[in-house]
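Notes follow the structure.
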There are 2 protein chains.
Amino acid sequence: MFKELLNDIEEELMVLEEDLLKTINTKRMLIRKPLENMINAGGKRLRPGLVLTAARFGNYDFEKARPLALAVELLHMASMIHDDIVDDSPTRRGIPSIQSAIGKDAAVYAGDYVFCKVFEILANEPAYVMKETSKAMSQVCEGEIKQKEDFFNVDLTLKDYLYRIEKKTAVLFALSAKLGAFSSQAPCKTAKQLYTYGINAGMAFQMADDLSDFIADSEKLGKPKGSDLKSGVITLPVIYALKKNGENQYLRSILETRNIGEGEFSEIVRIIEIAGGFAYTRNMINRYVKKAQEALMALPDVPAREILNASAKIIIENVNKTI
Amino acid sequence: MFKELLNDIEEELMVLEEDLLKTINTKRMLIRKPLENMINAGGKRLRPGLVLTAARFGNYDFEKARPLALAVELLHMASMIHDDIVDDSPTRRGIPSIQSAIGKDAAVYAGDYVFCKVFEILANEPAYVMKETSKAMSQVCEGEIKQKEDFFNVDLTLKDYLYRIEKKTAVLFALSAKLGAFSSQAPCKTAKQLYTYGINAGMAFQMADDLSDFIADSEKLGKPKGSDLKSGVITLPVIYALKKNGENQYLRSILETRNIGEGEFSEIVRIIEIAGGFAYTRNMINRYVKKAQEALMALPDVPAREILNASAKIIIENVNKTI
């Protein structure tokens, strides 16, 4: 049953790949080709996958879930395009990022275009979808701005960090779960549990992503190691290392130069390792994955639940692989 | 009656100023202050003004027109913020543009944030509003990308130019008129005429704006003279001068350097003047203003019609003032 469902979802995600390409069929070749490349470079399609899985907790109808799955992936895509401008990311998914392929200026419009498409798709959906999506979008936007505000902020607290990743990442996972449940008229209580699952899985996912900036190899990352930190994004391992045993003045002084090259990066990794910042982060990831799995316990024991449970587990497995 | 109505609309627009400020009450100070400055620097509020005037052709209800007027102004604001990034504009409305105040990177998010707010407002409106707005937004986006694609394109045709300004500018004017009519349940035929008015007035407005880049003084413009052309935007006076009496190779060669300084700019103005490019543009503006006024003739003779007629006339008067 589990394998069968996994197969079904994978097939549906393949249909969605075509939908993605069809959606961006603009005549403006300046942006069309780079957007096609970005889609064809793959990506895990976690958010549409979550829509399609969550929808299994009600009267499943692919045609109803389909535009919602498409919309959340496009939203994610648009925000990645603009993020890469701000973070100056040279690559994404192992190919040049849109900003490096066509320049920052044109990339602004490429992201806007994808945002517009989300609007167009949602215009045909029930008002509920629009309301929930617009709320989530504003939060994603605030999270991204907070990240930019906090570039190289060595006084960042754990609370600041959790606030930021919840808005920037977890909210879109939670929205995906909620929209899936809505598409199949799943009971309200089920939708709430799925939302909680999404928030916690999203938090764990972002922490794992932040951790991978330090310890994964570049090829798997699809972008150079340390690129988040070099551009100024302070994440959990650094926050922990800064605060462990009182203020770490040495780490602080390196970060305050706002100029992190390869040498400084290796030194920072060493400091975090000694402070136990990576172990602490892995511990937090485990904790959030457990919270996500606990939210599932209140749901009926169906194959979709197994898939969500397994997906949460994968976050931890991936983290362990990179050690 | 005319003066009374004008007063009413002006008062409503003052309420809208507060609405604009309230909408951007984010805790993210990185973007809040610059957005407040942009709002407080003024602007003509043509689009919300058009919503409020068009709404007078039905059962007028300010509370119904109000969120729509707010949404079109925010849409305009978001697209200006991103445009200024792409065009590298140092100033807007006489103050530093957002991109020059907080940098291009943060300006990307500032524009996104305003877009998100539009989404949020429209989520509470009837589906029709969302559908029409999303269609318009995609067109605005395509128009802007087309403009970027055509930077320094000396083979640009009149048709290309008209396509671009219709999408980039006129569509949002037309949307404003249509949404105003919708908010007051004006008859379908009335809404269509108002839409036609909006398209033609918008075309004339953009042509006048393009013309002002060459001949208005910087103070009135709120930005340096020639800034459009210097950043590569080819507009009607140039297109005409390039084509007049066969290809103008000299003008072509200046533009093809893609490096327009003060000297080159003065030379181009001279060439356009001799070719009659400014006169031709003024003629085209007249023609579109007439089309806009003709669309009004099918509407009932109410004070709102007089205001729209006068607004169209102002476009020409402003052009004549700058000669």
Side-chain angles (χ1 to χ4, degrees), chain A residues 26-32 78-79 81-88 99 102-151 163 231, chain B residues 26-32 78-79 81-88 99 102-151 163 231:
Chain A
T26 171
K27 281 184 193 145
R28 308 270 65 81
M29 298 314 287
L30 174 69
I31 60 160
R32 180 170 172 163
S79 78
I81 296 170
H82 282 178
D83 280 354
D84 285 346
I85 297 174
V86 177
D87 299 342
D88 225 343
Q99 71 95 9
I102 61 176
K104 289 197 173 204
D105 291 350
V108 174
Y109 288 150
D112 287 352
Y113 177 80
V114 178
F115 265 132
C116 286
K117 289 291 148 179
V118 175
F119 249 101
E120 271 189 50
I121 293 165
L122 296 185
N124 297 308
E125 297 302 316
Y128 172 87
V129 173
M130 188 58 209
K131 276 181 198 165
E132 293 302 317
T133 308
S134 72
K135 264 193 278 175
M137 269 181 65
S138 287
Q139 292 195 64
V140 172
C141 213
E142 294 232 6
E144 282 162 353
I145 296 163
K146 175 89 175 118
Q147 176 166 310
K148 169 85 187 156
E149 279 183 342
D150 286 339
F151 270 7
Y163 168 94
S231 69
Chain B
T26 171
K27 283 184 192 145
R28 310 269 65 80
M29 298 313 288
L30 175 69
I31 60 161
R32 180 168 171 166
S79 78
I81 296 169
H82 282 179
D83 280 355
D84 285 346
I85 297 174
V86 177
D87 298 343
D88 227 343
Q99 70 95 11
I102 60 175
K104 289 197 174 204
D105 292 349
V108 174
Y109 288 150
D112 287 352
Y113 177 80
V114 179
F115 264 131
C116 284
K117 289 290 148 181
V118 175
F119 249 102
E120 272 189 50
I121 294 164
L122 297 184
N124 297 308
E125 297 302 316
Y128 172 86
V129 173
M130 188 59 209
K131 276 182 198 163
E132 292 303 316
T133 307
S134 73
K135 263 193 279 176
M137 269 181 65
S138 287
Q139 292 194 64
V140 172
C141 211
E142 294 231 5
E144 282 163 352
I145 296 164
K146 175 91 175 118
Q147 176 167 310
K148 169 84 188 160
E149 279 182 343
D150 287 338
F151 270 7
Y163 168 94
S231 68

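In the text below, chain A, chain B and the rest are named by the order of the sequence lines, each starting its count at 1. Everything quoted here is computed from the prediction, not taken from an experiment.
- Of the atoms belonging to B:Cys116, heavy atoms from both backbone and side chain fall under 4.5 Å from chain A.
- With values rounded to the nearest 0.5 angstrom, B:Leu30 atom CG is found 12.0 Å from A:Gln147 atom CD.
- The candidate with the highest count of non-hydrogen atom pairs below 4.5 Å against chain A, out of B:Glu132, B:Lys27, B:Glu144, B:Arg28, is B:Arg28.
- In this structure, CD on A:Glu149 lies 8.5 Å from CE on B:Met29, to the nearest 0.5 angstrom.
- Among the residues in residues 121-130 of chain A, those with a non-hydrogen atom closer than 4.5 angstrom to a non-hydrogen atom of chain B are A:Leu122, A:Ala123, A:Asn124, A:Met130.
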Donor-acceptor pairs under 3.5 angstrom involving side-chain atoms of residues 105-112 of chain A: please list them, not counting sequence neighbours.
unit_1	atom_1	unit_2	atom_2	d
A:Asp105	OD1	B:Lys104	NZ	3.4
A:Tyr109	OH	B:Asp83	OD1	2.4
A:Asp112	OD1	B:His82	ND1	3.0
A:Asp112	OD2	B:His82	ND1	2.7

